[in-house]
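One-based numbering, in listed order, for ligands and for the atoms of each.
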Amino acid sequence: MKIPFVDLHAQYLAHKQAIDSAIQNVIEKTDFIKGEDVKLFEQEFAKTYGSKYCIAVANGTDAIYAALKMLGIGIGDEVITVANSWISTSETIGQTGATPVFVDIDEYFGIDTTKIEQKITTKTKAIIPVHLYGQAVDILKVKEICQKHNLYLIEDCAQSHFATYNNKFVGTFGDLATFSFYPGKNLGAYGDAGAIITDNEELATKLRMYVSHGALVKHTHIIEGINSRLDTLQAAILRVKLPYIFEWNEKRYQNAQYFTRKLSKIKQISLPKERPNSKHIYHVYSIRAEKRNDLQTFLNESGISTAIHYPVPLPLMPAYKHLNYSENDIPVANKFKDEILSLPMYPELSEDMMDYIVAKIKEFYAHE
Ligand SMILES: Cc1ncc(COP(=O)(O)O)c(C=O)c1O
């Protein structure tokens with residue numbers, strides 16, 4: 001059996017007619033830039049999220065960069081973030097001229113909130129927790145720290161669309177939240193796409209201006225901005241998909257429960273833990289496995305694609321050599337990096353496919 005890591009084609013086939021017609025519609029109207037679908041997607045996404053404002057942008061990386069810039073973060077500032085994430089979370093901090101300060105992770109793969117305060121200095125301006133793999137961090141604790149030290153809170157929700165903490169969507173706890181709709185995300189476009197949500201009107205206006213060359217009105221550039229628009233074609237596709245997000249998240253959740261039941265007796269692996277009071281949306285189902293590399297090779301040879309999120313913690317990347325982090329600064333992330341393995345996870349995964357994955361993992365460890 002061949003099982004891809006993600007299967008975007010299966011989802012397309014299920015919604016082919018609606019997607020094809022949404023794309024056709026944009027082409028007929030030729031409103032490729034700042035089209036009607038962009039405005040409507042912003043309204044619908046904000047409404048679904050229960051947030052006042054949504055600013056659609058070209059991708060999730062620009063969303064973080066624009067957020068930092070419009071919060072006034074720049075040279076000489078420090079921003080605290082997490083050691084295990086995709087580099088967008090930290091490279092955007094560096095791009096503003098500020099310095100990323102990395103904190104280790106906890107057993108749920110999120111920022112370890114007990115280790116944040118020791119990293120706060122007079123230069124610290126903001127914290128960017130990442131709700132990684134689709135699971136909320138201990139966001140109330142992060143918020144409490146931000147309030148106590150007067151720091152901005154930017155939630156990186158690229159992997160956690162509509163995950164909850166205390167029955168409240170992640171992304172609604174901070175000053176603003178950023179999203180990626182990269183194709184493989186739970187809500188994915190057919191190319192790059194992203195968004196920012198906030199309840200702060202002033203910030204929303206600034207962000208809208210910044211991502212549109214610093215102008216709210218054509219040819220009136222109040223500041224130098226960037227060009228980060230959501231493509232109308234992508235907005236039209238996202239509008240077709242948005243109504244299904246809760247159904248898809250629930251299907252992923254059920255698939256994750258199935259894996260967890262079936263894999264629970266294998267002593268060589270640890271299964272993903274769900275943080276109390278949170279609802280995981282399983283963008284990624286990451287186990288921790290003994291002999292991880294050999295297991296990955298064996299699964300690959302058996303037709304099962306897997307991934308590692310992420311093989312090198314951010315502070316240990318060559319890009320951050322100048323910051324002089326060592327493995328001892330982030331012991332948990334450093335240990336997990338050699339153990340984590342993301343199994344295929346998507347709504348269309350069938351029981352047969354999951355049974356095959358489970359059987360192959362059992363087969364690998366049978367002689368241990
Ligand atoms: C945690 C996290 N933050 C930010 C991003 C950036 O999103 P994009 O690829 O849309 O720029 C990603 C994308 O993979 C991500 O996983």
Reference residue Lys115; test salt bridge (Lys or Arg N to Asp or Glu O under 4.0 Å); the match among Asp104, Asp106, Asp329: Asp104
Using only atom types and a distance under 3.5 Å, with no angle test, would you say the side chain of Thr232 pairs donor to acceptor with the backbone of Asp31? yes
To which of Gly188, Gly60, Ala63 does the heavy atom nearest atom 8 (P) of ligand 1 belong? Gly60
Between Val130 and ligand 1, which part of the residue brings a heavy atom under 4.0 Å of the ligand: side chain, backbone, both or neither? side chain
Nearest non-hydrogen protein atom, atom 15 (C) of ligand 1: Ala158 CB, 3.4 Å
Near Asn59, which atoms of ligand 1 are under 4.0 Å from a heavy atom of that residue? 10 (O), 11 (O)
Heavy-atom distances under 4.0 Å decide this one: backbone, side chain, both or neither, for Asp156 against ligand 1? side chain
Would you check whether Gln159 has a nitrogen or oxygen atom less than 3.5 angstrom from a nitrogen or oxygen atom of ligand 1? yes
Once rounded to the nearest 0.5 Å, what's the spacing between atom CG of Asn59 and atom OH of Tyr182? 11.5 Å
Between the CG atom in Leu314 and the CD1 atom in Ile330, the distance rounded to the nearest 0.5 Å is 8.5 Å
Counting heavy atoms only, name the option from Gly194, Pro183, Ser88 that's nearest to atom 4 (C) of ligand 1. Ser88
Output, in order, the C-alpha distance, side-chain angles, deciding distance and verdict of side-chain hydrogen bond (donor to acceptor under 3.5 Å, both in side chains) for Asp138 and Tyr165. CA-CA 8 Å; Asp138 188 350; Tyr165 190 78; 3.3 Å; yes
For atom 14 (O) of ligand 1, the closest protein heavy atom turns out to be Lys185 NZ, 2.7 Å
Quick one: does Ser85 get an N or O within less than 3.5 Å of an N or O on ligand 1? no
Thr61 neighbourhood, listing ligand 1 atoms whose heavy-atom distance to it stays under 4.0 Å: 6 (C), 7 (O), 8 (P), 11 (O)
As a quick check of understanding, evaluate side-chain contact (heavy atoms from CB on, under 4.5 Å) for Leu295 and Gln268, giving each step before the final call. CA-CA 11 Å; Leu295 173 64; Gln268 293 91 342; over 6 Å; no
Is any NZ, NE, NH1 or NH2 atom of the basic residue among Glu42 and Lys39 found under 4.0 Å from an Asp or Glu carboxylate oxygen of the other? no
